[in-house]
Amino acid sequence: MNRKISFLTIVTLFLSVQANAQDWPVPADQNNRVNPQEYNLANVNKGKDLYLKNCKSCHGDPGKNNALPLVPPPVDVTSDKMQKNTEGGLYYKITNGRGAMPQFKTTISDDDRWKIVNYISNFSPKKQPLLVDAPPVKAKLLASVNERERKVEVFAESENNGIFTKLPNTPITVSTKKAFGNIEMGKVLTDENGRAEFVIPETVIGDEQGNVNIVVSLDDNYIADIVTLDKAKVGQLKPTPKLIQKGILWSTNENIQIWLLFSYIAAAGGAWLTIGYIVFQIAKIKRLSKE
Amino acid sequence: MDKIESAAESRKLLNKITFDLTRSIVKKDELTRFWFFILIMFAGVGLWGWTIQFSTGLGVTGMRDYVSWGMYIANFVFFVAVSLIGFLISSALHLLKINWAKPVSRVAEQVAIAAVALAGVIIIMDMGRPDRFLNIFLHGRFASPIIWDVTVITTYLVISLLLFYIPLIPDLALMRDRMGKELPKWQIKLYTVLALGWKGKAEQYKIIYHTLRILMLLIIPVGLSIHTVTSWLFAATLRPGWDTSILGPYFVAGAFVAGTAAVIVVMYIYRLRYNLKDYFQDLHFNYMGKLLVFVCLVYLYFNINEYLVPGYKMKLADGIHLTELFKGNHSGMFWIVQLTGLLLPIVLLLFPYFRKPLPIAIISLIVMISAWFKRYLIVIPTLEHPFLPVQNVPVNFQNYSPTSTEIMITIFSFVAAFLIISVLAKLFPVIAIWEYAEDQGIDKKYLTENLKN
């Protein structure tokens, strides 16, 4: 790991001679681009996931100034230098990279790059932060499946000393329960009434009868019981692999290949018919002796 | 050979030949009794071991989850291998009109019958529940190599018995007619029944030649199948060391080595014990020696293929297997076997001196023992290294070593095979008298001359 870092440092040193270390110009038309992804909690959260996966290794945790010591340095997300960028500017820099800062044009989709921009904006002084390290809120989830319309209908409320208030604009995760854990089908935001509808994708695979166990949950900011909806008939039938198939050598007698059975019977039958003929000849020797 | 014209000379020679070749049957001395006593005693011990295994279960053997084919299966493969010699000598060499092999062919058939019969018995002894052997016939699947193996072994046993019996008929008649005084009544009675009232008619001889010819042709595919199918029991599974396409011919070539050696040993014992120097001559040992070199060279060729090709690539599992053989746990046995079972006979038997009866008999004995261990090396190391790692099992699951019960039962199979050969030699001439007499120029009519009835 250390060797990797020092290697990066050398590369960075070398490249920084050519690139103007202080100033990273962004073309004007790029600079003024508007973020097509809405600034909301879901998008910011998605951006956070992406940041943790792709950027944290160099840029460190936001606000902690623990970035890698590269030259020029990868700046902290909360720093002025980072926040001075327009959203279009951030997008341009993430997309194209420079020096030790890799390009993400080919590795992260356009939408996702914009969502990372949303996440960076969360720390902007001009924006109201959506990610707050507030203590988790007690909440309650109600959910049901509409098998005909293939929908999961959710109602979310927060609870405060026995008083329930509906939870608007809250991300709900809908997953299917599998043998070794849950697989996320998707996320949906509640409307102003705390209600949400999630359309189950056609591609979901259920058990042999097409039954799916659906799990509905809130994110880490809430303390709520997970709702499990058992045996909703909304999935495709699980393809049952036939362990004993035709055409497999180690198979049952009913499934034996004709050519194999034929070869066996022909070979064994041929040999034993000949043996029978020989025995017949031996009997003839005996007959001849009596004449 | 020229025909002997004078009747008196013919009779005299025939009498001598008959006397020589029935010596094994007539002779009754301490040594014979001792030999049978030893054999029956050891067989008894082996059967006792088997009752232990039968009542306690296969847990008394060294076989566990991973190595589930142990000494028994190695032994089985050895016996199947040895039995193949019947096919080589009494069919292949005959059809190629190689005349010197004629007196050897009955010995080869004896060995083949004993070996293939025991091969079947060994399989049953390898089963924890021998009664379930019947399931093969009740619920067998035609797609399973095990069914093919059972079929082909039974077929081969029957053909070998016929190949032994049919050329015996004129001899049985001869003994029925001439040996009345020397042998007990039941024995003569047995010959009378088996001789089918043989009168030595031309049509009868014609049937004998005709059926023998058919059997010799039939035994070629059956003989090749018996060992090829046995090799498929291994080659049809996905295992390092077995998963190769040359396993069939590899087994067949190895079988010829083991079988030729076995026949040489038995020949030597007969020559010594029954005073048959004029019948199993130095010439026969000389030729058998050359045959052994030849089959060893073929086997060497397959060995090089078997080890060089995977050894060149050293694919993961094959690599582990080969390392184990070449310099791991089994390397000692491996190199000794390759040396004494292959290189030694090839090199030594090139010198005429070593093709003399005694030296070649000793060499053959060593080759046979090596051949047995070679089968051990084919079966066990592969099973000790499955594709998935062996984990969380007791130590005795990881490596196989046979228990004393297992060895007892394995020894039984050898003893039983000797017993079969000994009984056959005690009851029937070890060389076909009529064939030999005819080769010496004696007319067939003298054979049935002094018919009693």
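Lettering of chains follows the sequences in order, A, B, ..., and the numbering in each one begins at 1. Keep in mind the model is a prediction, meaning the values are calculated, not measured. Just so it is clear, the values below take in all heavy atoms, side chains as well, and ignore hydrogens, waters and symmetry mates.
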For the residue pair B/F251 and B/F234, is the inter-centroid distance of their aromatic rings smaller than 6.0 Å?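 Centroid distance B/F251-B/F234: below 6.0 Å, so yes.
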Quick one: do A/N146 and A/V152 satisfy side-chain contact (heavy atoms from CB on, under 4.5 Å)? Show the steps, please. CA-CA 6 Å; A/N146 183 337; A/V152 182; over 6 Å; no
Counterpart residues, side-chain hydrogen bond (donor to acceptor under 3.5 Å, both in side chains), relative to A/S289 (two or more places apart): B/Q204
Applying side-chain hydrogen bond (donor to acceptor under 3.5 Å, both in side chains), name anything that partners B/T228, two or more places apart in sequence or on another chain. none
Quick check for you: among [options], which has the greatest number of heavy-atom pairs under 4.5 Å with chain A?
{"options": "B/I214, B/T211, B/I207", "result": "B/I207"}
{"options": "B/I208, B/V222, B/L196", "result": "B/L196"}
{"options": "B/V152, B/I147, B/T151, B/T154", "result": "B/T151"}

Between the side chains of B/W242 and B/T237, does any donor sit under 3.5 Å from an acceptor?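 Their side chains do not contain a donor-acceptor pair, so the 3.5 Å distance test is not met.
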Check whether the side chains of A/E184 and A/S175 place a donor and an acceptor atom closer than 3.5 Å, and report yes or no. no
Assert top hit (heavy-atom pairs under 4.5 Å, partner chain B, pool A/Q281, A/K290, A/K284) equals A/Q281
Any salt bridge between [X] and [Y], counting N to O under 4.0 Å?
{"X": "A/K140", "Y": "A/D225", "result": "no"}
{"X": "A/K46", "Y": "A/D49", "result": "no"}
{"X": "B/K444", "Y": "B/E438", "result": "yes"}

Do any of residues 157-166 of chain B come closer than 4.5 Å to chain A, heavy atom to heavy atom, and if so which ones, in number order? B/V158, B/I159, B/L162, B/Y165, B/I166
Where along residues 199-213 of chain A does a heavy atom come under 4.5 Å of chain B, listed by residue number?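 At a heavy-atom separation under 4.5 Å, chain B is reached by no residue of residues 199-213 of chain A.
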Could you look at A/L261 and say if it's the side chain, the backbone, both or neither that has a heavy atom under 4.5 Å from chain B? side chain
So B/I153 and B/V229, side-chain contact (heavy atoms from CB on, under 4.5 Å) or not? Walk me through it. CA-CA 9 Å; B/I153 285 182; B/V229 170; over 6 Å; no
Just say parallel, tilted or perpendicular for the rings of B/W198 and B/Y205, cut-offs at 30° and 60°.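 B/W198 vs B/Y205 ring planes: perpendicular.
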Stepwise, does the side-chain contact (heavy atoms from CB on, under 4.5 Å) test hold for A/F104 with A/N54? CA-CA 9 Å; A/F104 288 94; A/N54 299 290; 4.0 Å; yes
